[in-house]
Structures are given as structure tokens and as C-alpha cells.
Amino acid sequence: MIGMIRRILGVSGKYRGRIYGAMILSFLKGVLMKTPIIVTYFVVTAFIDGELTKTAALCGAIALVGSVVLQALFQYLADRLQSAAGYMIFADMRMKLGKHLRRLPMGYFTEGNIGKISSVLSTDMVFIEENCMSVLADMMSYLFSQGIMILFMFFFDWRLGMASLAVTACMAILGRAMMKNDLKHSGNRQQASEVQTQAVLDFTEGIGIIKTYNLLGEKSKELTDSFDTNCRVNLDFELSNRPYKLGVFLIYGIGTAAMLGLSAFLYAQGYMELKFFIGMLLCLFDLFIPIKSFYDQEARLTVMSACMDRIDALFAEPELDDSGTLILNDTAAPEIEYRNVSFAYDKNEVLKNISFKAEKGTMTALVGPSGGGKSTIASVLPRFWDVQSGEILLRGTDIRKIPLAVLMDNISMVFQRVYLFQDTVYNNIALGRPDATREEVIEAAKKARCCDFITELPEGFDTVIGEGGASLSGGQAQRLSIARCILKDSPIVILDEATASVDADNESYIQQAISELCKGKTLLVIAHRLNTIAHANNIIVIKDGQIAESGDHNSLMDKGGIYRSMVTKRAVGAGWRN
Ligand code: ADP
Ligand code: MG
């Protein structure tokens, strides 16, 4: 519990003052909640002693009303302070997480972590935001109240004090065991919720494939299985928690009865005065309520703790190092140079000792069988992943020594798979360079041969595309992504099978768009059609993560190696795709 409070204070940053304020208010409210007992005690003892006056009774009544009003006021203020703090803390934390995610390597997003990210953002953070602050204050006030009740007992008789301490300790020991059990189960719960989120994402994203391959039954089963598991794990959690809850309830009941018995005994034996005995009776049914309520709420606290673990784990993912500060200057060094680059996805070594140079304004083509590592070579240039050995130089500077933002400004990429945001056509292009004027955006669209289809859209450039908006064909989307790159106008362009999945009609448009994009650029091209790269300055054949051969078209044809056999195979219609 203390650890949990520390953790929350740890993340509360500049809102810590609010939380402390709320705790003090909760403490005051906890004290005030005992006013009825105190007032009644004094009124009753004065009555027994025959000293009860009208004024005293009136004062007691005023104190009662006053305490209720003050309690309401403190509760209101504490709620305001802390629930607002909850939302503020998590608004800040989401921003921080966004920044952190931006700095993670691409690998993190492709390794099945999307479910984790969405459940942290949508489940864990929401749970803590909505629960944490109110639970925290309630729990604090329960602890204060329990302390006050024990003090009362000591005031009446030290033996009652000791007994109430013992009962509270028993409840605390059992409560701790319950907490441990809950913590163990809440890990499983969160994991099941993560799997469920991932399953829902997979199902909705792949619904097209699922339908065409008639996998609805099989994939729906995966989905329902994840729902079932989630339900079962949650039930297990509830069931495993029951015996502990019951135990706490029993100690509460037996402890209360024992306290009554003990005080009656002490009174009967003459160890305790009547007024103290009455005071004890007044407190009796409130005596262990705070600690019991504390453990009633405890499950929420442990869920919160597991949520915090997962949030912390996400923050602990190592970011790509972005400490580079070097400025890129124009030098005589090649625009791009790979020096002995080796790279493995996890333990699967994909690139082995790759070295090549690309001079400014030239075209380098990567060809070779599928799975050879061409896309990987392209992906390590914008640092989607960092290479494990060797280095990549941009104008003579190691790319890790350049700020990531500068590196990104220098590189544009066109992939086979295009991603368009659910936004207007205009904004989808403009994100290539957010400060571009409308004329520049339209010019880029023209160069990318987009204008014909954009003018046919219901609201032209202002048509919303993507989910719930107008949809574009694969080729149109590709041209839009090229317009984005033309607008960005970066000196290096990477084309990774940009025309691989478009129809012949679209291809000629895309080729025109690509030629516009490539004017005066340094190009790294992975192409599935060999004729588009025949005029490349350097053709590198990649096989099993290594450079098998390289040179221009003619020299490679003369050499009579893999490249030549690929070209001739294609010429006789064998069909070759990389
Ligand atoms: P190519 O573009 O030549 O077809 P890739 O660079 O895409 O080849 O892939 C090279 C190898 O790396 C393949 O064995 C592929 O399975 C593996 N690979 C590609 N991307 C990933 C990834 N994100 N995580 C793990 N392995 C990958
Ligand atoms: Mg590829």
C-alpha cells in the first residue's frame, strides 16, 4: 500500500501538491467522521454524571451539524483536487508515452506489441485515471480512521487498545496475503486483456483476407477463445479472492464480538468505569469498519499496481539513441555509404557485411531473390532499426551521429504498401512538408499525376479518405504517397517495390510520378521489374544477406552470373519477382 502510494506520487510530477492537499483533507474528514461518537460520548457521560445542561446539549448538536457540513466541504475539495490531478497526470503521461513511442525502433511495433500499446493506453491508463485518485483518498481516510479508533480504545482502557491492535494486525496479515494473491492474478488478467485486444485488432485488420479465404469460422474461434480466456481469468481472479475476503469478514465479526465480550468483562470486574464502557459500546460497530473497508477496496489497488507495472514496462523499452548533434555538410564523400554492415532481427542474421557506395544523384538498384534482405538494407538507412556492426554514412557522417529529425529530412521512402491517414487528400499530401503552401501541395499532386482522380472526388482536395471516407485504388493511393514525397523534396529517395502491386494502367502513371520524384535525387531502388533498373548506375545483387555481385547492367550481363540468369529467365517468360 505504502509502495503503491509512493509510485503514484512518483508519477504525479508537478501535481504532487494537489495529491498531498487531498490527503490532508481526507485526514481531516476522517477525524471529523468520528465527531458523532465523540459528541455522543460526552453527552452520555455528562448525563450519567448528572451534569448535562441545555447549553452543553445545544453545543453538541451544533458540533454534529458543523462536522457534517465540514465533512461534505472537505470531501468536495479533496475530490476536486484529486480527480482533476488524475486526469492531468495521465494527460501528461500520454503525451510522454507518445514521445517515447516515437523514439522506439520500428522493430518494437512489428513484434506483436500493438496490442500491448493499445491496452496500456485504453485500459490501464483509463483504469488508474478513473480509479486511482478516489481509491487513494478513500484508502488514506480508512487508515486514518482506523488509527483514531484504536486511540479511542487506548483512551478507554489499555487492554481494549491492545486487543483492537491485535484484531487489526490479524486483518492486516490476511489482507497482505490477499494482496499478494490478487497481484499474481492481476498479471494474468492484464495479459488476457492484451491477447484479447491483439485478437480483435488482427481480426478487424485482416477481415478482407479472412472472408476471401473463408477463414471466418477459424478466425472467429480464435477471437471467441480470447474472449473466453479473458472471462475465465477474470472469474479465477474473483474466485481466488473470495476466501481471503471471507477471512477478513470473519475476523471483523469475531473481533467485534470479542471486543464487546472483553469490555463487558472489564466493566463487570470493575476494571473499567461505566462511562468508558458506554464509550466503548458507542464505538463498537464502527471499530473495525475502516480496516474492513480498506481491504474491500484493495482489489482495485492491486489491479492498479499491475497497470502501473505495464505502463512502466512500456516506458522501459529502450529508445533509439538520438543524441547525435552533427550537422551534415556538403563534402566530397559519397551521399550514402554502407561499410561492413551486418544486421540481425533478434537472432536471425539477415545482412552480412554489406558494403557499397552511392554517389550524389546516382541510382543504386537492389535486386535478388525474395527474402534476401533488400528491404532490410533500405530500412536501416532511415534507422528503422540500428545496425549491429559496421556503419552507414550519409555524406561521410555516421547516421547515428546525426539528429534523427535531420536524417528523416534527408530521406523519402515509397513502399509497396501505402499508408494514408483518415484525413483529407490535401492533408495526406501536405504532411510531406507541413509548412508548404496550397499551391505547392497542388503542384506536387500534379507532378505525381494525381490531379485527374482528385478532381473527380466529391470535394476534390478536401475529400476525406480512409475509414468512413472515400476510398482510393491501390495505384491512386500510391500516387498520393509519391506526391507527399515530391513535396518533401528530400535529397535521397528509397523506392521499395513501389509498383509491385499495381495494375498496368496505373503503372505508367506511377512511373511518370516516380520520374518526377527522382529528378536530381540519389536513389536506392528495389524493383521487381528489371527493365526499370537497367539504366541504374550500380546494380547490387543481394542473396542470403550478402552482395553476390554488383556493377552496371552491361558489366553484369557480361559477367554471366546471377543477374544475367535473372534477366534471361525473365526474357524467356519465366516471370521473376524479387
Ligand atoms: P527482401 O526485401 O529481399 O524480400 P527482407 O529484407 O524483407 O527481404 O527480409 C530478409 C529476411 O529478414 C527474411 O528472412 C525475413 O523473414 C526477415 N525479416 C524481414 N523483416 C523482418 C522483421 N520485421 N522481423 C523479423 N524478421 C524480418
Ligand atoms: Mg522486400
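Fair warning: this is a prediction, and the values are worked out from it, not measured in the lab. Just so you know, ligand 1 is whichever comes first in the structure, and atom 1 is the first atom listed for that ligand.
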Between Asp409 and Lys488, is there a salt bridge with N-O shorter than 4.0 Å? no
Geometric N/O contact Lys374 with ligand 1, under 3.5 angstrom: yes
Contact atoms of ligand 1, heavy-atom distance to Val350 under 4.0 Å: 10 (C), 11 (C), 12 (O)
Ligand 1 and Trp385, any nitrogen or oxygen pair closer than 3.5 angstrom? no
Flag the pair Pro491 / Arg395 as yes when at least one side-chain heavy-atom distance between them is below 4.5 Å, and no otherwise. yes
What part of Thr376 sits under 4.0 Å from ligand 1 if we count only heavy atoms: the side chain, the backbone, both or neither? both
Under 4.0 Å from a heavy atom of Ser370: which atoms of ligand 1 are those, numbered in the order shown and with their elements? 4 (O)
Counting backbone and side chain alike, does Ser370 bring an N/O/S atom below 2.8 Å of the Mg ion (ligand 2)? no
Return yes or no for this condition: an N or O of Gly373 is under 3.5 Å from an N or O of ligand 1. yes
Nearest non-hydrogen contact to atom 20 (N) of ligand 1 from the set Phe109, Tyr345, Phe343 belongs to Tyr345
Below 4.0 angstrom, N of the basic side chain to O of the carboxylate: do Glu317 and Lys116 qualify? no
Checking Asn410 against Ser490: is there a side-chain donor and acceptor pair closer than 3.5 Å? no
How about Val120 and Phe315: do any of their side-chain heavy atoms sit closer than 4.5 Å? no
Can we say Asp452 and Arg479 salt-bridge, meaning some charged N sits less than 4.0 Å from an Asp/Glu carboxylate O? yes
